[in-house]
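FYI, the numbering just counts along the sequence from 1.
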Amino acid sequence: MTIHADHSAPETAVEDQAADVRTKFGISVEDYMLPARHQIQMVNPDGTLRPHDEQGTEPGHEYPTPSDAELMAAYEQLVVGRRVNDQNSALVRQGRMAVYPSSHGQEACQVAAAMCLSEGDWLFPTYRDAVAVMTRGVDPVEVMTIFRGDWHGGYDPKEHNVGIQCTPLTTQLLHAVGVAHAAKLRGENTVVMAMCGDGATSEGDFHEALNFAAVFHLPVIFFVQNNKYAISVPLSHQSVAPSLAHKAVGYGMAGERVDGNDLVALLAVMDRAVKLAREGSGPLLIEAHTYRMQAHTNADDATRYRPDSEVAEWQAKDPLTRMKSYLADKGLLDDAASNRIAEHAEAVATKLREGLGEEVPVQPLDLFKYVFAKPTPQLKEQSDMLAGELAREESAK
């Protein structure tokens with residue numbers, strides 16, 4: 001599909017897309033855009049492999065099982081992610097972190113989102129996607145710096161092609177689309193992963209990002225982690241669509257649903273989505289059904305809006321125990337491998353404890369240094385006053 005310089009699409013764009021879909025998948029463009037009738041799930045909650053005809057696949061929505069090497073690497077990141085989530089919750093209670101939005105229970109989504117990308121691709125995370133940022137290769141202490149109340153984000157986005165974790169809801173989707181558009185204009189073979197939650201789909205920025213990406217045929221994967229709640233607002237009060245993945249067809253892109261606690265299915269779906277985006281199929285919307293086991297943040301009381309029975313139901317679907325059982329049954333995970341992975345996870349947790357336990361030197365004049373490139377007269381006056389007070393305190397010692 002060609003986009004003209006005047007930002008208009010040719011009249012034959014829809015016909016061209018339909019022809020491409022028929023050639024590549026042998027199905028109609030509508031069947032390509034609509035998610036499969038059942039969510040993609042390859043491994044049962046008890047860790048057993050589902051029969052192929054019960055995995056939710058159908059023509060145009062077919063997913064090969066990831067390699068053993070990819071599964072083992074992903075499982076290690078899953079274990080590390082769980083240990084980090086638990087460690088950070090402890091650091092909050094100890095007062096060494098100001099706040100932490102745990103992704104305990106959602107780690108499979110985080111790992112798959114990061115692992116499916118190539119080195120030159122970009123990841124745009126939310127505030128709850130620290131495990132994805134770590135899996136992308138960012139130093140764990142730098143990832144968590146933002147949650148200790150420091151004044152900067154902690155890591156350089158350009159070093160690992162990872163955007164700063166966004167606290168404002170959904171703004172990162174616009175950033176992701178902008179990067180994808182720039183990459184396309186430059187002729188770069190870049191895929192962008194734009195992560196969000198179900199609550200983000202109720203925001204205007206969600207519409208603008210998806211519409212722009214579809215019109216300009218950009219290589220963006222919109223990855224919605226549907227954990228059933230936008231803080232305390234249940235999904236039923238946000239949307240009555242058959243699924244969030246069904247929203248894709250309204251923008252002219254493909255959508256898919258996947259079990260967000262099934263790491264095997266997630267890797268398969270996300271790997272294929274990245275491949276399609278890189279080949280020029282345009283943007284895609286992936287909805288993962290998952291659940292955050294803990295509160296929205298340490299400032300939230302989740303017992304006020306969800307019953308214990310619901311939490312218990314999802315506890316039985318834990319992605320970590322599911323993947324562990326699956327790999328053990330395949331003969332890929334033995335005691336030696338489990339111990340090695342556990343030691344690695346503990347080493348990461350230790351690094352976090354030590355790194356976040358260090359006192360950060362406070363530079364009071366930084367309050368004024370990074371507000372404007374050229375300070376206003378008011379800021380200059382205030383900065384000079386503070387500098388004078390600091391100098392007097394120092395001389396009085």
Side-chain angles (χ1 to χ4, degrees), residues 38-41 43-48 50 75 78-95 97-112 126-132 147 167 169 195-202 223-245 257-266 287-326 342 345 349:
H38 303 284
Q39 72 169 353
I40 307 302
Q41 184 189 71
V43 178
N44 291 309
D46 64 0
T48 57
R50 296 173 66 88
Y75 174 71
L78 189 66
V79 174
V80 171
R82 176 62 56 84
R83 183 67 186 90
V84 165
N85 271 323
D86 293 345
Q87 179 62 77
N88 286 344
S89 295
L91 290 171
V92 169
R93 293 192 296 271
Q94 296 165 10
M97 290 179 70
V99 67
Y100 183 65
S102 175
S103 61
H104 185 121
Q106 296 184 213
E107 295 96 343
C109 294
Q110 311 267 304
V111 170
T126 73
Y127 51 82
R128 198 178 302 282
D129 296 327
V131 172
F147 300 115
T167 299
L169 201 61
M195 303 180 72
C196 67
D198 52 286
T201 66
S202 301
F223 185 36
V224 181
Q225 297 174 81
N226 178 2
N227 64 17
K228 319 305 175 194
Y229 292 93
I231 306 183
S232 60
V233 180
L235 182 62
S236 60
H237 290 178
Q238 301 178 59
S239 174
V240 292
S243 76
L244 296 177
R257 293 176 292 178
V258 60
D259 183 342
N261 286 18
D262 179 356
L263 184 54
V264 180
L266 279 164
E287 176 191 6
H289 294 266
T290 186
Y291 197 81
R292 57 169 171 80
M293 297 303 301
Q294 298 176 350
H296 179 71
T297 68
N298 52 292
D300 172 45
D301 180 6
T303 63
R304 298 180 61 184
Y305 54 83
R306 64 184 193 186
D308 292 341
S309 58
E310 181 180 280
V311 179
E313 176 187 347
W314 280 91
Q315 184 68 50
K317 303 175 183 179
D318 190 299
L320 182 59
T321 55
R322 182 188 307 200
M323 193 64 175
K324 182 177 181 180
S325 298
Y326 174 71

**Report entry** Intermediate values then yes/no, side-chain contact (heavy atoms from CB on, under 4.5 Å), His104 and Asp86
**Finding:** CA-CA 8 Å; His104 185 121; Asp86 293 345; 3.1 Å; yes
If I compare all heavy atoms of [X] with all of [Y], which pair ends up nearest, and what's the gap?
X	Y	value
Ala108	Gly260	CB-O, 3.7 Å
Ala98	Asn298	O-ND2, 3.7 Å
Arg306	Gln294	NH2-O, 3.2 Å
Phe223	Cys109	CE2-O, 3.5 Å
Ala349	Gln87	CB-OE1, 3.7 Å
Ala302	Ala295	CB-CA, 4.1 Å

Do [X] and [Y] make a side-chain contact, defined as non-hydrogen atoms from C-beta onward lying under 4.5 Å apart?
X	Y	result
Glu287	Thr201	no
Val111	Tyr75	no
Val92	Val99	no
Gln110	Met195	yes

Requested in this report: Give, for atom NE2 of His237 and atom OH of Tyr229, the distance between the pair rounded to the nearest 0.5 Å.
Outcome: 10.0 Å
**Report entry** Gap between atom CG of Leu78 and atom CZ of Arg83 - 0.5 Å precision
**Finding:**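 Arg83 CZ to Leu78 CG: 14.5 Å, rounded to 0.5 Å.
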Requested in this report: Report the residue from Asp259, Leu263, Asn261, Asp262 that forms a side chain to side chain contact (heavy atoms under 4.5 Å, CB included) with Val43.
Outcome: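 The side chain to side chain contact (heavy atoms under 4.5 Å, CB included) with Val43 is passed solely by Asp262 among Asp259, Leu263, Asn261, Asp262.
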**Report entry** Qualifying residue, where the test is side chain to side chain contact (heavy atoms under 4.5 Å, CB included) with Ser103 and the options are Asn88, Thr290, Thr126, Val131
**Finding:** Val131
Query raised in the report: Does Lys228 NZ have over 12 foreign heavy atoms under 6.0 Å away?
Result: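 Result for NZ/Lys228: enclosed.
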Report task. Start with the C-alpha gap between Asn85 and Met293, add the side-chain angles, then the distance that decides, and say whether side-chain contact (heavy atoms from CB on, under 4.5 Å) holds. Result -> CA-CA 11 Å; Asn85 271 323; Met293 297 303 301; over 6 Å; no
Query raised in the report: Which word best sums up how the rings of Trp314 and Tyr291 line up, parallel for under 30°, tilted for 30 to 60°, or perpendicular for over 60°?
Result: parallel
